[in-house]
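Numbers restart at 1 for each chain; the letters A, B, ... are given by sequence-line order, proteins then strands.
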Amino acid sequence: MKIVPLADRVVIKAEQAEETTKGGIILTGSAKEKPQVAVVVAVGPGGMVDGNEVKMTLKVGDRVIAAKYAGTEVKVDGEECQIVRQSDILATVE
Amino acid sequence: MKIVPLADRVVIKAEQAEETTKGGIILTGSAKEKPQVAVVVAVGPGGMVDGNEVKMTLKVGDRVIAAKYAGTEVKVDGEECQIVRQSDILATVE
Amino acid sequence: MKIVPLADRVVIKAEQAEETTKGGIILTGSAKEKPQVAVVVAVGPGGMVDGNEVKMTLKVGDRVIAAKYAGTEVKVDGEECQIVRQSDILATVE
Amino acid sequence: MKIVPLADRVVIKAEQAEETTKGGIILTGSAKEKPQVAVVVAVGPGGMVDGNEVKMTLKVGDRVIAAKYAGTEVKVDGEECQIVRQSDILATVE
Amino acid sequence: MKIVPLADRVVIKAEQAEETTKGGIILTGSAKEKPQVAVVVAVGPGGMVDGNEVKMTLKVGDRVIAAKYAGTEVKVDGEECQIVRQSDILATVE
Amino acid sequence: MKIVPLADRVVIKAEQAEETTKGGIILTGSAKEKPQVAVVVAVGPGGMVDGNEVKMTLKVGDRVIAAKYAGTEVKVDGEECQIVRQSDILATVE
Amino acid sequence: MKIVPLADRVVIKAEQAEETTKGGIILTGSAKEKPQVAVVVAVGPGGMVDGNEVKMTLKVGDRVIAAKYAGTEVKVDGEECQIVRQSDILATVE
């Protein structure tokens, strides 16, 4: 299954949070700090959005930080992704 | 009964959620995970919406993911559909 | 009494909900499913609304589906009607 | 005392609700159904409102239906009136 | 102390509410009906407000009715005044 | 430490509230009426704000009244100041 | 890890709050007054934001005061930063 985002949207997938603390304790569920960095897996075509022309500057593979609570979570082939507007991406990470 | 959406709206119908789990248990009501993919069954003509020209890019048969809580649920000949704005469609699925 | 809607408004009247179930039980009050289809009984002239030119595309007799909770309920000669903006009409029904 | 509404506002006065039911019972306070039809008693000059040019189409004597909860109630010489924007008038009644 | 309102603001001062009822009872505090008519005591210069050019049409001495809960109450030399936008003045009174 | 406000912002400092009532009682904390008049201590450069050109009309030393709850409180060298938009300044006081 | 903010965003890092009171008491957690001054550590490219051209005026190293509750907190190499829009920066500090 391949997701093709519309308009100014991008699909991002969270990077794996580390499951072991520095001291070697294995973390479960809520004890894991939710990772903040995600990878862009698909980019929409841009175009007119609410009367403004939007140009897409992100590309597949970019590592990004998205605004909290932005977008919609979807499951693609069992993997959790998030569809967000490009304007909800705060920064890229190098 | 045929629904003809107005302006920038489309009518979508959720794909059937699987009613049996992998282990063979039959799921009832709330235990079924609500399907995220829907099929476009009718597309409005587009045009001026809130002062902006909207061009319809979706077409009948497209498999799409809509924003949660978007639009209005209607029953057409006993089948549940949803009327949403094209801008509430997040992505198409191939 | 004749209602003449202003600007981009239309007056709609709900179609009668069926008062008997398939099994022959007579339904009272809240047990009746509220009908979703309404008939347009009057159409405003359109024109400038919030700085945007609105052209009326609906006409008297159109069967329509309106957004839930949209508009204002009025009683015209004892019959319940609803005055809604054309933009709150989601679709026509054929 | 004469009220002269500013900009796109009109002053309306509710028509008298009937104080006797068909069966002859005299109604008091909350039992009376609030009348929905009001009469326009003064009309503002229109002009620029929030950056949009507004032309007044209502005139004194028009019988109108206003959106619920719109505007501000005022007492003019002991009589209750309401000052509303023209855009809050849903329809005229003939 | 003289207040000079900025932009599209005016300073208004409520007219005295009558402190005696028709029957001669002296009213205290909350029993007095708050007066609705105020007098304009200062008018701002108008100009660009939120990107729209605003022309002041009110002048000092105008008796006006303001929208409820509009503006900010200030005390000028011990007297309560209210600073409101001209667009919150609903009508003048003659 | 010197604060240089950005865009259409100004820094204001409340004038001292009187700490003694007319009858000679010394007021503490919440009993003191919060002063409404503040002095402008710094003015931003103006310029484009939300797509509108803003020209600064206030200058350092102006005594002003600001809208309640507007802006952000900051401590500069131990003294409480407030950073507000020029549009939140209601009036100047002479 | 290097954060590159997008559009009109900047990354800021709070200056260290003093951990000892004047009397020599060591402060823990909530007793420390949160510092108001932050340092700009990265600046986005500006450009079209919501249909308006935004020019970046801040630069790396600027000491700034940001609006409370603005932006998103992120951890970069274990250090807490905040990504905010340039319009949420109220003032620079010299």
Side-chain angles (χ1 to χ4, degrees), chain C residues 1-15 29 34 38-90, chain D residues 5 7-12 14-18 20-23 27 31-40 42-71 82-94:
Chain C
M1 191 163 99
K2 198 185 141 199
I3 290 190
V4 182
L6 297 182
D8 62 339
R9 292 191 184 86
V10 297
V11 183
I12 59 177
K13 191 158 75 177
E15 292 193 346
K34 238 195 144 180
V39 180
V40 175
V41 296
V43 177
M48 292 305 286
V49 176
D50 296 333
N52 298 321
E53 179 73 29
V54 176
K55 243 173 106 165
M56 302 307 280
T57 57
L58 292 168
K59 53 188 191 306
V60 172
D62 279 352
R63 297 177 66 219
V64 298
I65 296 174
K68 277 172 190 165
Y69 315 119
T72 298
E73 291 190 4
V74 293
K75 254 193 188 162
V76 185
D77 299 332
E79 281 191 282
E80 296 240 335
C81 288
Q82 215 172 343
I83 307 179
V84 300
R85 296 184 173 276
Q86 178 173 267
S87 57
D88 285 324
I89 301 294
L90 306 174
Chain D
D8 62 338
R9 293 193 184 84
V10 297
V11 182
I12 59 177
E15 292 194 344
Q16 291 298 323
E18 294 184 19
T20 324
T21 62
K22 286 179 184 172
L27 297 167
K32 275 190 283 183
E33 218 174 66
K34 236 194 145 181
Q36 286 186 312
V37 177
V39 180
V40 175
V43 177
M48 291 305 285
V49 176
D50 297 332
N52 298 319
E53 179 73 30
V54 175
K55 243 173 105 165
M56 302 308 279
T57 58
L58 292 169
K59 52 188 191 306
V60 171
D62 280 351
R63 297 177 66 219
V64 298
I65 296 173
K68 276 171 191 165
Y69 314 119
Q82 215 173 343
I83 306 179
V84 300
R85 297 184 172 276
Q86 178 173 265
S87 57
D88 285 324
I89 301 293
L90 306 174
T92 57
V93 177
E94 291 177 2

Proximal to chain D - members of residues 45-62 of chain C, heavy-atom separation under 4.5 Å: D50(C), G51(C)

Distance-minimising heavy-atom pair for P5(C) and A91(D): CA-CB, 3.7 Å

Test side chain to side chain contact (heavy atoms under 4.5 Å, CB included) applied to L6(C) and L90(D), V64(D), I89(D), the passing residue: I89(D)

Most chain D-contacting option - heavy-atom pairs closer than 4.5 Å, from V11(C), T72(C), I83(C), V84(C): I83(C)

Run the salt bridge (charged side-chain N to carboxylate O under 4.0 Å, His left out) test against E80(C) and tell me which residues pass, sequence neighbours left out. none

Backbone N/O of K75(C) and side chain of Q36(D): donor-acceptor pair under 3.5 Å: yes

